[in-house]
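Owing to the predicted nature of the structure, the values given are computational and were not obtained by experimental measurement.
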Amino acid sequence: MKKYLFILAILLGACNNKVSKKDDAPSQPEQNSVSLYILGTVQDGGSPHIGCQKSCCSELFNKPDHTRKVVSLGVVDHKTDKSYLFEATPDMPSQLKLLKEHTQNSKETPDGIFMTHAHIGHYAGLMYLGRESLGGKNIPVYAMPQMKMFLETNGPWEQLVKLNNIDILPIQDEIKFQLTPNLVVIPFVVPHRDEYSETVGYKIIGPNKSALFIPDIDKWSKWDKDIVKEIQHVDFAFLDATFFDGPEINTRNIAEIPHPFVSESMELFQNLPQSEKSKVHFIHFNHTNSLLNQKSESYKEVLEAGFNVSAFNQRFDL
């Protein structure tokens with residue numbers, strides 16, 4: 001009798017261990033998949049924004065929202081266990097830690113960092129790779145020609161190159177870059193305020209689906225491509241949504257910040273079928289943008305129109 005009770009106890013224990021392990025372990029995507037993660041959705045200056053005295057920031061200074069991070073994507077090839085970061089933001093330390101949690105390796109840095117342009121919120125995170133912080137060793141940084149030159153010839157960024165903290169790898173407009181057997185990246189130039197470098201967006205192509213990433217661009221009409229057609233060629237489109245509409249910028253000169261308003265983009269896309277509208281995920285929100293508030297009328301308006309609002313730590317399988 002004791003023998004049977006002992007065996008029964010072992011079996012029950014084993015069952016309990018299996019349930020606990022299943023409940024506690026994060027669900028893992030299929031091993032042959034590539035996943036894209038939203039690591040940040042906010043415009044360069046962050047939220048709360050320095051010097052902001054408006055209601056959109058006042059409470060956040062006292063009670064910070066950990067989801068308010070500057071715009072960034074992480075991409076993981078789960079089959080090769082390689083990871084890539086798009087944008088090097090001021091929030092990069094926590095974003096890299098989150099990206100690492102989505103992989104199975106122990107590396108604290110990704111297998112590559114892709115730059116879009118030389119506006120400070122998009123490259124300032126590189127400072128954490130220098131001798132004052134991580135002291136990185138030849139961390140691959142992918143950059144277009146002008147961006148590459150900017151980093152190599154301006155302090156303090158040039159020190160990262162001289163000390164081999166980073167290894168800048170050149171990329172070219174519309175030239176496919178095969179990162180892994182399952183993952184392809186294609187940079188493309190877009191019009192923007194290019195004071196220090198060109199500005200690029202990226203097409204990120206997995207084994208099954210593809211995504212468009214354009215966090216910064218001037219008005220869609222200034223681009224030599226048709227954004228409507230570009231949306232049709234991908235499965236997901238993460239598009240510049242810095243400002244919701246004209247009244248948001250108040251007295252600021254739109255010529256200095258000519259982003260497409262979300263209201264303009266929705267009007268431009270209004271005749272698309274719902275299957276195409278659902279591909280659009282607005283991203284890169286200024287701290288004043290009401291889309292940061294899920295209870296706002298603007299947020300409801302976007303969803304009711306058939307579009308999406310990007311959220312921190314979302315995952316999309318490619």
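Residue K137 qualifies as open at atom NZ: its count of foreign heavy atoms under 6.0 Å is 12 or below. The environment of E267 atom CD is sparse: at most 12 non-hydrogen atoms of other residues, nucleotides or ligands sit within 6.0 angstrom. The number of heavy-atom neighbours closer than 6.0 Å to NZ of K279, taken from other residues, nucleotides and ligands shown, is above 12. Around NZ of K225, the count of heavy atoms belonging to other residues, nucleotides or ligands within 6.0 Å exceeds 12. Annotation for L169: atom CG counts as buried by contact number, over 12 foreign heavy atoms lying within 6.0 Å.
Cluster membership for L268 and L303, using ILVMFWY side-chain heavy atoms within less than 4.5 angstrom, is shared. Under the 4.5 Å side-chain heavy-atom criterion for grouping Ile, Leu, Val, Met, Phe, Trp and Tyr, L126 is connected to I120 within one hydrophobic cluster. A continuous path of ILVMFWY side-chain contacts below 4.5 Å connects W223 to V228, so both sit in one hydrophobic cluster.
With hydrogens and angles ignored, the 3.5 Å screen pairs a side-chain donor or acceptor of S310 with a backbone N or O of F282. Although no hydrogens or angles enter the test, the distance criterion places no donor-acceptor pair under 3.5 Å between the side chain of K203 and the main chain of S210. Of the possible donor and acceptor atoms, one in the side chain of S278 sits under 3.5 Å from a partner among the backbone N and O of Q274. The main-chain N or O of T242 is found under 3.5 Å from a side-chain atom of D240 such that the two form a donor-acceptor pair. No side-chain donor-acceptor contact under 3.5 Å links N286 to the backbone of Q43. A donor-acceptor contact shorter than 3.5 Å links the side chain of D81 to the backbone of Q104. A side-chain donor-acceptor contact under 3.5 Å links D111 to the backbone of S83. Here the side chain of Q159 pairs no donor or acceptor atom with the backbone of P156 at under 3.5 angstrom. A donor-acceptor pair is defined here as one N or O able to donate and one able to accept, closer than 3.5 Å; such a pair exists between the side chain of N289 and the backbone of A241. Counting only distance, with no hydrogens or angles, the side chain of D91 and the backbone of V70 share a donor-acceptor pair below 3.5 Å.
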Show, in sequence, the C-alpha distance, side-chain angles and deciding distance for I214 and I227, and conclude whether the side-chain contact (heavy atoms from CB on, under 4.5 Å) test is met.
CA-CA 10 Å; I214 308 177; I227 181 58; 4.3 Å; yes
side-chain contact (heavy atoms from CB on, under 4.5 Å) for K209 and F236? Distances and angles first, verdict last.
CA-CA 8 Å; K209 295 183 178 181; F236 309 105; 4.0 Å; yes
Kindly indicate, with the supporting measurements, whether the criterion salt bridge (charged side-chain N to carboxylate O under 4.0 Å, His left out) is fulfilled by E304 and K277.
CA-CA 11 Å; E304 288 174 357; K277 288 182 178 180; over 6 Å; no
If you apply the rule salt bridge (charged side-chain N to carboxylate O under 4.0 Å, His left out), what do you find for K148 with E152, and how did you get there?
CA-CA 6 Å; K148 182 175 184 291; E152 291 174 337; 2.7 Å; yes
Output, in order, the C-alpha distance, side-chain angles, deciding distance and verdict of side-chain hydrogen bond (donor to acceptor under 3.5 Å, both in side chains) for D77 and T80.
CA-CA 6 Å; D77 180 343; T80 62; 3.2 Å; yes
I'd like to know whether Y37 forms a side-chain contact (heavy atoms from CB on, under 4.5 Å) with Q314, so could you lay out the CA-CA distance, the side-chain angles of the two residues, the decisive distance to 0.1 Å, and finally the verdict.
CA-CA 6 Å; Y37 300 92; Q314 278 183 303; over 6 Å; no
Mind running side-chain hydrogen bond (donor to acceptor under 3.5 Å, both in side chains) on S33 and D317 for me, showing each step along the way?
CA-CA 7 Å; S33 69; D317 289 333; 4.7 Å; no
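Counting heavy atoms from C-beta outward, H284 and H122 have side chains that approach closer than 4.5 Å. Residues H192 and D216 meet the side-chain proximity criterion, which asks for heavy atoms closer than 4.5 Å. At least one side-chain heavy atom of L318 sits less than 4.5 Å from a side-chain heavy atom of I204. Using a 4.5 Å heavy-atom threshold, the side chains of K69 and Q95 count as touching. V302 is listed as a side-chain neighbour of M266, based on a closest heavy-atom distance under 4.5 Å. Y202 has its side chain within reach of T116: a pair of non-hydrogen atoms, C-beta onward, lies under 4.5 Å apart. Put simply, the side chain of L134 reaches to within 4.5 Å of the side chain of T109, judged on heavy atoms. Within the 4.5 Å cutoff, the side chain of V76 has heavy atoms near those of the L99 side chain.
The shortest heavy-atom contact between I38 and F238 is CD1-CE2, 3.7 Å. When all heavy atoms of S296 and S290 are compared, the pair lying nearest together is OG-O, 2.8 Å. Minimum interatomic distance between D218 and K222 (heavy atoms only, all atoms of both residues): CB-CD, 3.7 Å. Listed here is the closest heavy atom pair of V71 and T89: O-CG2, 3.2 Å.
Checked against L85 for a side-chain contact (heavy atoms from CB on, under 4.5 Å), the options L73, V141, L39, V75 give a single hit: L39. Of the residues listed (Y128, F150, F86, F114), the one engaging Y123 in a ring-ring contact (aromatic ring centres under 6.0 Å, His included) is F150, and it is the only one.
The ring of F213 has its center no closer than 6.0 angstrom to the ring center of F188. Taking the six-membered ring for Trp and the full ring otherwise, H78 and H102 have centroids separated by 6.0 Å or more. When ring centroids are compared, F261 and F244 stay outside the 6.0 Å threshold.
The aromatic rings of F269 and W220 sit tilted, their planes meeting at an angle between 30° and 60°.
With side-chain heavy atoms closer than 4.5 Å counting as contact, directly or through intermediates, the hydrophobic cluster containing I205 also holds V184, I186.
Qualifying side-chain hydrogen bond (donor to acceptor under 3.5 Å, both in side chains) partners for K300, counting only residues two or more places apart in sequence or in other chains: none. Qualifying salt bridge (charged side-chain N to carboxylate O under 4.0 Å, His left out) partners for E132, counting only residues two or more places apart in sequence or in other chains: none.
Here the straight-line distance linking atom CD of E195 with atom NE2 of H117 works out to 8.5 Å at 0.5 Å rounding. Rounding to the nearest 0.5 Å gives a distance of 8.5 Å between OH of Y196 and NE2 of H119.
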